[in-house]
Number of protein chains: 2
Amino acid sequence: MPLSKISATAPKAPGTPASDMLLRQFVGYRVKRANLLIQDDMAKTLEPFGLRTGTFSALAVVISNPGISQSDLSDVLNIKRSGVVVVVDELERAGVLKRKPVKGDRRTNALTVTAAGRRLWNKVEKAVQDHEAVLFSGLDLEEIATLHDLLARATKSPISDLEKEQ
Amino acid sequence: MPLSKISATAPKAPGTPASDMLLRQFVGYRVKRANLLIQDDMAKTLEPFGLRTGTFSALAVVISNPGISQSDLSDVLNIKRSGVVVVVDELERAGVLKRKPVKGDRRTNALTVTAAGRRLWNKVEKAVQDHEAVLFSGLDLEEIATLHDLLARATKSPISDLEKEQ
DNA sequence: TATTGTTATACTCTATAACTATA
DNA sequence: TATAGTTATAGAGTATAACAATA
């Protein structure tokens, strides 16, 4: 009941001070919470552009890999091909990208960005960059770079790749 | 097609080299990918103990806040009260914790860990710590501490809290 | 036989809303 | 009226499995 009293006086605060101290010692939990915050904010940032995090990611990959197939997009984004269909449907319906036939293999679609899609990307890219700058304003530029680096190395370590293949 | 060729020779690799370079410049995307890896591995680590990430987190909070109410647990974990019910049901069914009546307020449940629950926690805590050590073996201890710190500060910045309340 | 894209389906996690019993 | 817990339901996001067309 001392706990309920404190949280009653500060109901919106992210938990009573240190009430999840034990839990926060785990990196996994911190990453999970950070991810929730970031994804929520990303969703808000993308909504005015008619994008979700999934379609934003797909657009980014197609922009830098023109003509990529849906299977390869599936590999890059680490989602199943059936999930790619939904994302590509949505982007194609919005006029952002197109499925084009590939000569030599009639099974495959080559994904290409439309002119409108490229214009959209330029705006969205800037919006997300600005947004992240605000979200991470508690860190200076060097710290953000460090965070990048640490996450990249943590998620690319031989061990985690090895476990993924099991 | 150069892309499909490469990914055909290394199908399980996390994407062709740099094919998501543009996307990876966003911290949000890195955190998302890191989170996916970590949560998958956490799930595997917890499964032998009959726990999921949700029940693990709840157990941790109840361990460090004996007698906490479900509403306060809901605040600390940032999930809705309806979600807490499911988690507590599962933990109570497993004999890990108990709902106890609170004298003075018959609406409230005081959550307490059983002896078996405490024994389980000691084992699980060690398993998860060991597991994270392996998962983050690409980083040294100081770097892990830095990662902790940066995530904590990024997710606790005044701006992100402010946006949360809107 | 294997692969690309597709569809249908199911599962997990979480949110919303309505309800009850208490306060 | 407001709060604690509960129930039912619905929505993302993603996974699995089966299928048609093509290789």
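All chains are named by letter (A, B, ...) in the order of the sequence lines, taking the proteins before the strands, and each is independently numbered beginning at 1.
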In whole angstroms, how far is the [atom2] atom of [N] from the [atom1] atom of [X]?
X         : N       : atom1 : atom2 : value
Leu46(A)  : dG13(D) : CG    : P     : 11 Å
Asp75(A)  : dA15(D) : CG    : P     : 12 Å
Asn109(B) : dT3(D)  : CG    : P     : 18 Å
Leu73(B)  : dT6(D)  : CG    : P     : 12 Å
Leu77(A)  : dG13(D) : CG    : C1'   : 14 Å
Lys98(A)  : dG5(C)  : NZ    : C1'   : 19 Å
Asn78(A)  : dT14(D) : CG    : C1'   : 12 Å
Gln39(B)  : dT14(C) : CD    : C1'   : 14 Å

Side-chain N or O of [X] closer than 4.0 Å to phosphate OP1/OP2 of [N]:
X        : N       : answer
Gln70(B) : dT6(D)  : yes
Arg52(A) : dT14(D) : no
Ser71(A) : dT4(C)  : yes

Sequence-distant partners of [X], side-chain hydrogen bond (donor to acceptor under 3.5 Å, both in side chains), two or more places apart:
X         : value
Thr45(A)  : His131(A)
Asp130(A) : Lys126(A)
Arg52(B)  : Glu90(B)

Margin query: If the condition is ring pair (Phe, Tyr, Trp, His ring centres under 6.0 Å), which residues does Phe49(B) pass it with, not counting sequence neighbours?
Written below: none
Notebook entry, point to check: Do Asp89(B) and Arg99(B) meet the salt-bridge criterion of a basic N to acidic O distance under 4.0 Å?
Noted result: yes
Next item on the list: Would you please name every residue forming a side chain to side chain contact (heavy atoms under 4.5 Å, CB included) with Leu139(B), sequence neighbours left out?
Entry: Leu150(A), Arg153(A), Ala154(A), Phe136(B), Glu143(B), Ile144(B), Leu147(B)
Next item on the list: Give the B/S/- string for nucleotides 16-23 of chain D, one per nucleotide from 5' to 3', where a protein heavy atom under 4.0 Å of the base yields B, of only the sugar-phosphate yields S, and otherwise -.
Entry: B----BBS
Notebook entry, point to check: Do we see a donor-acceptor contact under 3.5 Å between the side chains of Thr108(A) and Asp105(A)?
Noted result: yes
Next item on the list: Please figure out whether Thr108(A) or Val86(A) has its closest DNA chain C nucleotide nearer the 5' end.
Entry: Thr108(A)
Check: Which residue lies toward the 5' end of DNA chain D, Val84(B) or Lys32(B), if each is placed at its nearest nucleotide?
Finding: Val84(B)
Notebook entry, point to check: Considering only dT6(D), dG13(D), dT7(C), which nucleotide approaches the side chain of Val85(B) most closely?
Noted result: dT6(D)
